[in-house]
Amino acid sequence: MERISLNYNFVSDFLSEQEIFQRFDEAKEHLKSLINKTGKGNDFLGWIDYTESIQSDELYEIEEYAEKIREKIDILVLIGIGGSYLGTKAIIDMLSHSFTSLLPEKNNPIILFAGNNLGEDYLHDLLEILNYYEYGIVVVSKSGTTTEPAIAFRILKHHIENKYGKDKAKERIYVVTDKNKGILLEIAKNENYKCFYIPDDIGGRYSVLTPVGLLPLAIVGIDIHQLIQGANSLRSSVINNFTKDNIAIQYALIRNALYNKGKLVEIMVSYTPRMHFFIEWWKQLFGESEGKENKGLLPVGVDFTTDLHSLGQYIQEGKRILFETVLHINKPTNQLIIPHDNENIDKLNFLSYKRVSYVNNMAMLGTILAHTDAGVPNILIDIPSLQEKYIGQLIYFFQIACGISGYLLGVNPFDQPGVEAYKNNLFALINKPGYENISTAIKKRLNEKFKLP
C-alpha cells in the first residue's frame with residue numbers, strides 16, 4: 001500500500017541534519033516506551049495496538065447496526081465534544097461532497113452535530129430542522145457528565161421521544177461510552193439503548209479509530225475497514241522502525257528542534273477546504289497533549305489560499321516565532337479544467353485547459369518559497385489522495401508522533417489537567433451539587449469585575 005510521506009527539505013536552511021537528529025537516540029527510546037507502555041500516561045496507550053487488535057467481526061457488528069439505523073434516517077445527530085466528534089467530523093469532510101446537504105439524491109444520511117457548544121440559538125435551530133426529517137442520535141461520552149453533550153442529549157432525547165414515542169425512539173439512539181461505569185452507561189441500561197464501548201485505556205483525542213468514530217462513520221457510509229487497514233499500514237512502518245527514516249520520529253524531532261530555537265507556533269496548512277476540520281482535530285491532539293507546565297508549541301491552522309489574503313501578511317512579515325506544516329494532497333478527488341475564452345477579457349487564457357489543481361499547487365510552491373525565504377521553516381506532508389486508507393495512515397502518524405514529541409518535551413502527552421480548571425468554575429457558577437464549597441468564593445471574585453446574573 002502506498003503511504004504518506006514527509007519532506008523536510010524546506011527546513012534545511014534553519015536546521016542542519018545534525019541538529020535535527022541530535023536527540024535521535026532519545027526519540028527511539030520514547031518510541032520504545034510507547035510500544036512497551038512504560039512511559040508517562042501509559043494507562044492511556046491502548047490506541048497503540050487497537051487498530052491491529054480489533055477483529056473483523058467487531059467491524060461487521062458496527063456496520064450491521066449502522067445499516068439498521070441508516071435505513072430509518074435522513075439525518076444523524078452526533079452528540080459529543082472534543083475527541084468525541086472532531087475526528088469523525090474531519091474524516092467525513094475529507095471524504096464527502098462539499099455540498100452534501102444540497103444534493104438532490106442522498107445515498108447516506110447527512111450528519112449534524114450537537115453537544116460541541118452551548119449555543120442556545122444553535123440547539124434551537126437544530127431542533128427546528130429535525131422536526132422536518134427522519135433522524136437518529138449517536139451520543140458519545142465516556143462519563144456522561146461533560147456539560148455540553150449532557151445538556152444536548154437531554155434536550156434531544158426529549159425531542160426524539162416526543163416525535164416518535166419512547167419505544168420507537170430507543171431504536172434511533174445509540175450510545176458510545178465506558179463499558180463499566182458512568183452516568184451515560186446508566187441511562188443506556190435503563191432505556192435499553194444499544195451500546196458500543198470506548199476502551200478504558202484510550203483517551204478522547206486518540207479515540208477516532210475506535211467505536212467513537214467508527215460507528216457514526218459507518219452510518220454515513222464511510223468504509224471503516226479501509227480506514228483501519230490504512231492505520232495498520234502506517235503502524236507497521238513506524239512501530240518497529242528505529243531508523244532515521246521513521247517519519248514519526250522525524251516529525252517529532254524537527255518540531256522540537258525548531259521549538260528549542262524559538263519557533264513557538266506551529267501552523268498547520270492545507271490547500272483544500274476539505275481538510276479544515278482535520279486541522280481542528282490536529283489542534284486538539286497536540287494542544288491538549290503538549291500544552292502543559294508552561295511548555296509546548298501553540299498549534300494553529302490556516303486554510304490556504306483563502307488565509308493568504310488575511311493571515312498571510314503576518315506569516316510573511318510578522319514575528320519570526322513560527323513554522324508551518326503543510327498537508328499536500330497529491331491527487332484531488334475530482335478534475336476541473338479551466339476553459340478557454342476567445343475574448344480573453346480577463347487575460348486568463350495562459351491557463352486555458354489547465355486543471356484548477358495545477359494553479360493550486362503552484363500557489364503552494366510559491367508560498368512555501370516566499371515563507372521560507374522570510375524565515376518561516378516548512379515541513380511538507382504528502383498524502384496520495386483523500387481515501388480512507390490514507391486518512392487512516394495520517395491519523396495514526398500524528399498520534400504516534402504526538403506521543404514521541406510530548407515525551408521529548410518532557411510532559412505527559414496523555415492527560416489534560418488544565419481542562420478541569422474551567423469546568424470546576426462552570427460547575428460552581430451553575431450551582432452543580434457538590435461544588436457549593438467553592439461557589440461563593442468564585443462568585444465573589446467575579447462580582448468584583450462585573451455583576452453576575
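In what follows, every heavy atom counts, from backbone to side chain, and hydrogens, waters and symmetry copies are set aside.
- Aromatic pair H371/F323: centroids not less than 6.0 angstrom apart.
- Between the side chains of Q226 and Y390, no donor-acceptor pair of N or O atoms lies under 3.5 Å.
- In this structure, a donor-acceptor pair under 3.5 Å is present between the side chains of N361 and H328.
- The pair K142-D200 does not meet the salt-bridge criterion, since no charged nitrogen lies less than 4.0 angstrom from a carboxylate oxygen.
- Two rings, from H340 and Y353, have their centers less than 6.0 Å apart.
- With respect to E186 and K189, no salt bridge is recorded, no charged nitrogen being found less than 4.0 Å from a carboxylate O.
- When only modelled atom types and interatomic distance are considered, E324 and N378 share a side-chain donor-acceptor pair under 3.5 Å.
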Chi angles and distances behind the side-chain hydrogen bond (donor to acceptor under 3.5 Å, both in side chains) call for Q399, R205: CA-CA 9 Å; Q399 289 182 169; R205 60 187 178 276; over 6 Å; no
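- Ring centers of F278 and W281: under 6.0 Å apart, within the cut-off.
- Between I381 and the choices I247, L394, V269, V326, the side chain to side chain contact (heavy atoms under 4.5 Å, CB included) rule is met once, by L394.
- Side-chain contact check for L76 versus P216: some heavy-atom pair is nearer than 4.5 Å.
- Between D415 and K292, at least one side-chain nitrogen of the basic residue sits less than 4.0 Å from a carboxylate oxygen of the acidic one, meeting the salt-bridge criterion.
- With 3.5 Å as the limit, one finds no donor-acceptor pair spanning the side chains of E388 and H225.
- Taking all atoms of both residues into account, the shortest heavy-atom contact from S143 to T146 is OG-N, 4.1 Å.
- Taking a cutoff of 4.0 Å between a charged side-chain nitrogen and a carboxylate oxygen, K194 and E171 do not qualify as a salt bridge.
- A donor-acceptor contact closer than 3.5 angstrom is absent between the side chains of D303 and T306.
- The NZ atom of K72 sits 6.5 Å away from atom CZ of R172, with the distance rounded to the nearest 0.5 Å.
- Between the side chains of Y206 and S289, at least one donor N or O lies within less than 3.5 Å of an accepting N or O.
- Aromatic ring pairs are classed by plane angle as parallel below 30°, tilted from 30° to 60° and perpendicular above 60°; the pair F196 and Y65 is perpendicular.
- H159 and Y135 share a donor-acceptor pair across their side chains, judged by distance under 3.5 Å alone.
- A salt bridge is absent between K295 and E290; no separation between the charged side-chain nitrogens and carboxylate oxygens falls under 4.0 Å.
- Aromatic ring orientation, F286 versus Y251: perpendicular (interplanar angle above 60°, classes split at 30° and 60°).
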